[in-house]
Each structure stands twice: as structure tokens, then as C-alpha cells.
J.: 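Following this message is one structure expressed as C-alpha cells.
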Amino acid sequence: MSVIGIDTSNYTTSIAFWDGTTGENCSKLLPVKPGELGLRQSDAVFAHIKSLPELSGRLFSRIMGADPITAVGVSTRPRAVEGSYMPCFMVGYSHGKLLADSLHVPLIEVSHQQGHVAAALWGAERMDLMDQPHLAWHLSGGTTELLLVEPMGKNVSCTKIGGTTDISAGQLIDRTGHLLKLPFPSGKYLDELSREGENGDFFRVKCQNMTFSLSGVQNKVQQYDQQAHAPAETASYALKSICYAVTQATRQALNAYPGLEVVFSGGVASNTMLRREVAPLNPVFSPTQYATDNAMGVAVLTKRMAEE
């Protein structure tokens, strides 16, 4: 059984193939003008409409001769909760529906968040956790949520138990990158820059009941930069402050849910400092390409659900 997975988030157009053994994925970051901090939904929708046919063509040229496609999966909303909606996901849905109808196969709908968790577990070769409760971070450009993940048939249920109360870790990273005149999205650039300036400075974010605020950290980062610190030191200060908050919330979650493992998913989970700082907690990390690319997770879920 071979399947296709599609994800059209506010940052990346992504489509993947999975047959249970072999995986192929094609993705493309949405174009953002220099100096800007993201896209309006209308611009994101237009970018997906332009990119998805090209990426589909590229993917299908790579999988010529593979087993016939038996299901198409697509992320249709950010989270699997009532009222969760973002227009850009409708581009993926429309493309997936047309593809499924043309192939006379089922269309399977999941959430962007469920896809991220599945991508992380698949990339880490820990698919066993799909069938048992565990903790998961969804750390991305728009989301910083700590989740209790439980089996829901062959999919997963994600209940928010902590995380940020305001801006996400990804937003803080991109705003710091903008301050330092780095390209958008700034994750990998801030990561690289921070390695040159780790002097140990950071802001100790208050974390209570696995929950914290990052908006105040943004002000602290700006103040730190204005004190004539080198850009690399400012980058390190911002990232280490995020790592401190995430680590504290994770420790509290492991105390509240003893015995559960914690998985890190989403683009921010590819950060080098984060991986090092939380290492003592025995986290589950996937290779970086499956932290950022989500269509493979959608494809993995699609295959599981189609086989029910």
C-alpha cells in the first residue's frame, strides 16, 4: 500500500510519498520579502497554489514504477480541535481531493499538529509511541504547545497541557533574527550565529504548571542587544532563554506524568542548542529534516489509517 501526504502550512508547501518502506518528500519554503516577518494568509494561499503543482510533478517523477497509490492524506487545519482553521490548508485539501478523486482512492484528513508528531516519531524510529500515551512538544513558527498525546485509533489525540501563553518560540526566534538583520525564517541562521557567542547569559523565564510567557523575553532580548553585545551573543541569549523555558516546562510535565517519554516536533525542534539543553531529560528527537517537513508525517498517518 502506497500513499501520498500533503501539508500546506503558513511556512512550507510539502508533499510526500510513503509505502511503508520507502519515503520521498518534496517541500518548498514560502517566499517572504526581505525585512518582513511572515506572510498574510492571502499571500500564503497564492504561494501554495503556485508551488504545489510543481512539487507534485517532481514527486511523481521520482516514484515512477512504485506501487499504485491507495490513499491520499492531507492536513486540513492547524489542530484537531473545534474552530481550528487557517485558509492556507484549503490549498492542500483542494489538491488532495482532486488527486484522490482522480485515482479513485480515499481522502484522509488529519491536522497539521498530528502530522508533526507523526513525522517526529517516524523520523526517530519510535513509531511504537504512536500506540501509547506520551508527551510531545509542537515547537514551530506559530505554535509552542506541550501536549499529552494518546492513541486515537491509528491516529493520535493531542491535548494541550502547557506551553506559551502568548508568542511562540518560533516568533521570538524570527523577531530576534529580524533585530539582527538575518533572513526569514531565521531559525537556522540564529542557530548558526549563536554557536559563536555562547557566554551563558539568558533570561530565566518564569514557568508555572508547564506554562510560560515569551513576550517579555522579546523585550529582554532587545535590551540585551542595545547593551552593545555582539550579534552572536544576542542570538545565544534569545535561544538559551527559550531553552530554559522549555526545559522547565518539560521537567514539570515529567513530574506530572511520570513514566511518559517526551517527543520534540516542529521546526524549532531542529535547533542545536535545544537538543543539547534538554538531552538530560532523555527526549525523543527526529533527524532535523523530519522536524521541519510535515507531509511525511501526514503520509505516515494516512497509511496507518487507511489500513484500519
Side-chain angles (χ1 to χ4, degrees), residues 4-17 24-63 69 72-81 83-103 107-116 119 138-144 167-175 177-178 181-189 266-268 270 289-299 302:
I4 296 293
I6 300 170
D7 182 66
T8 50
S9 73
N10 209 37
Y11 291 89
T12 308
T13 311
S14 182
I15 183 168
F17 165 86
E24 289 279 354
N25 60 302
C26 296
S27 63
K28 184 176 183 179
L29 284 173
L30 303 189
V32 177
K33 293 179 182 177
E36 295 189 357
L37 284 168
L39 292 171
R40 295 176 298 178
Q41 276 293 295
S42 58
D43 293 332
V45 167
F46 181 62
H48 286 311
I49 290 171
K50 289 175 61 180
S51 295
L52 198 48
E54 172 199 340
L55 294 176
S56 291
R58 192 187 307 168
L59 179 73
F60 277 94
S61 69
R62 292 182 185 177
I63 62 172
I69 303 300
V72 175
V74 61
S75 56
T76 58
R77 51 183 174 164
R79 301 171 63 228
V81 297
S84 182
Y85 170 73
M86 194 175 284
C88 58
F89 289 105
M90 293 300 97
V91 180
Y93 172 79
S94 298
H95 194 86
K97 183 71 164 64
L98 178 62
L99 184 58
D101 287 348
S102 299
L103 296 173
L107 178 69
I108 293 177
E109 300 178 27
V110 301
S111 77
H112 177 72
Q113 188 168 76
Q114 290 166 327
H116 263 309
H138 178 187
L139 300 165
S140 66
T143 305
T144 295
I167 66 171
S168 69
Q171 286 173 313
L172 177 55
I173 286 170
D174 288 329
R175 291 175 187 182
H178 184 261
K181 296 180 171 54
L182 300 176
F184 179 93
S186 300
K188 69 176 182 179
Y189 303 104
V268 177
S270 64
Q289 66 265 38
Y290 299 116
T292 56
D293 188 295
N294 192 43
M296 186 58 73
V298 173
T302 298

J.: To check you understand the geometry: which heavy-atom pair defines the closest contact between Ser84 and Pro78, and what is its length?
T.: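 Of all heavy-atom pairs spanning Ser84 and Pro78, the closest is OG-CD, 3.2 Å.
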J.: Taking all non-hydrogen atoms of both residues into account, name the closest pair between Leu59 and Ile15 and its distance.
T.: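 Where Leu59 meets Ile15 most closely, the heavy atoms are CD2-CG1, 3.7 Å.
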J.: Output the distance between atom OG1 (Thr302) and atom CE (Met296), rounded to the nearest 0.5 Å.
T.: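 The distance works out to 11.5 Å.
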J.: Any non-hydrogen side-chain atom of Tyr11 less than 4.5 Å from a side-chain atom of Val32?
T.: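 No, side chains not in contact.
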J.: Side chains of Val74 and Phe89, heavy atoms from C-beta outward: is any pair under 4.5 Å?
T.: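 Val74 vs Phe89: side chains apart.
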J.: Write down the atom of Ser270, the atom of Gly267, and the distance for their closest heavy-atom approach.
T.: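 Closest approach of Ser270 to Gly267, heavy atoms only: OG-O, 2.7 Å.
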J.: Is a donor on one side and an acceptor on the other found under 3.5 Å between the side chain of Ser56 and the backbone of Leu52?
T.: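 Side chain of Ser56 to backbone of Leu52, a donor-acceptor pair under 3.5 Å: yes, one is there.
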J.: Tell me, yes or no, whether the heavy-atom count around Phe60 atom CZ, taken from other residues, nucleotides or ligands under 6.0 Å, exceeds 12.
T.: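 Enclosed.
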J.: Quick one about Ser14 and Asn294 (side-chain donor to acceptor, distance below 3.5 Å, no hydrogens or angles considered), yes or no?
T.: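 No, no side-chain donor-acceptor contact under 3.5 Å.
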J.: Looking only at heavy atoms, which two atoms of Glu24 and Ile63 are closest? And how far apart?
T.: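 Scanning both residues, the minimum pair turns out to be CG-CG2, 4.1 Å.
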J.: Is a side-chain N or O of His178 found less than 3.5 angstrom from the main chain of Glu36, in a donor-acceptor match?
T.: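 Between the backbone of Glu36 and the side chain of His178 there is no qualifying donor-acceptor contact (under 3.5 Å).
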J.: How many angstroms lie between atom CZ of Arg175 and atom OG of Ser168, to the nearest 0.5 angstrom?
T.: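 Going from the CZ atom of Arg175 to the OG atom of Ser168 covers 8.0 Å.
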J.: Report the distance from atom CG of Leu182 to atom CD1 of Ile173, rounding to the nearest 0.5 Å.
T.: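 Spacing of CG (Leu182) from CD1 (Ile173) equals 11.5 Å.
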J.: Identify the two heavy atoms, one from Lys28 and one from Ser51, that lie closest to each other, and give their separation to 0.1 Å.
T.: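 Closest approach of Lys28 to Ser51, heavy atoms only: CD-OG, 3.7 Å.
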J.: As an exercise, state the distance from CD1 of Ile4 to CD1 of Ile108, rounded to the nearest 0.5 Å.
T.: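 These two atoms lie 12.5 Å from each other.
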J.: Answer yes or no: is there a side-chain heavy-atom contact under 4.5 Å between Met90 and Tyr85?
T.: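 In contact.
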J.: So how far is it from Arg79 CZ to His138 NE2, rounded to the nearest 0.5 Å?
T.: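 These two atoms lie 9.5 Å from each other.
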J.: Looking only at non-hydrogen atoms, find the nearest pair between Ser111 and Ser75 and report the distance.
T.: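 Distance-wise, the nearest heavy atoms are C-CB, 3.9 Å.
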J.: Has His48 got a side-chain atom pairing as donor or acceptor with Asp7's backbone, closer than 3.5 angstrom?
T.: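 Side chain of His48 to backbone of Asp7: no pair is present.
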J.: Just how far is it from atom NZ of Lys50 to atom CG of Leu30, taken to the nearest 0.5 Å?
T.: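 Answer for the NZ-CG pair, Lys50 versus Leu30, is 11.0 Å.
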J.: So does Cys88 get a backbone contact from the side chain of Thr8, meaning a donor-acceptor N/O pair under 3.5 Å?
T.: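 Checking the backbone N and O of Cys88 against the side chain of Thr8, a donor-acceptor pair under 3.5 Å is found.
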J.: Can a donor-acceptor pair be found between the side chains of Ser140 and His116 at a distance below 3.5 Å?
T.: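 Result is no, nothing qualifies.
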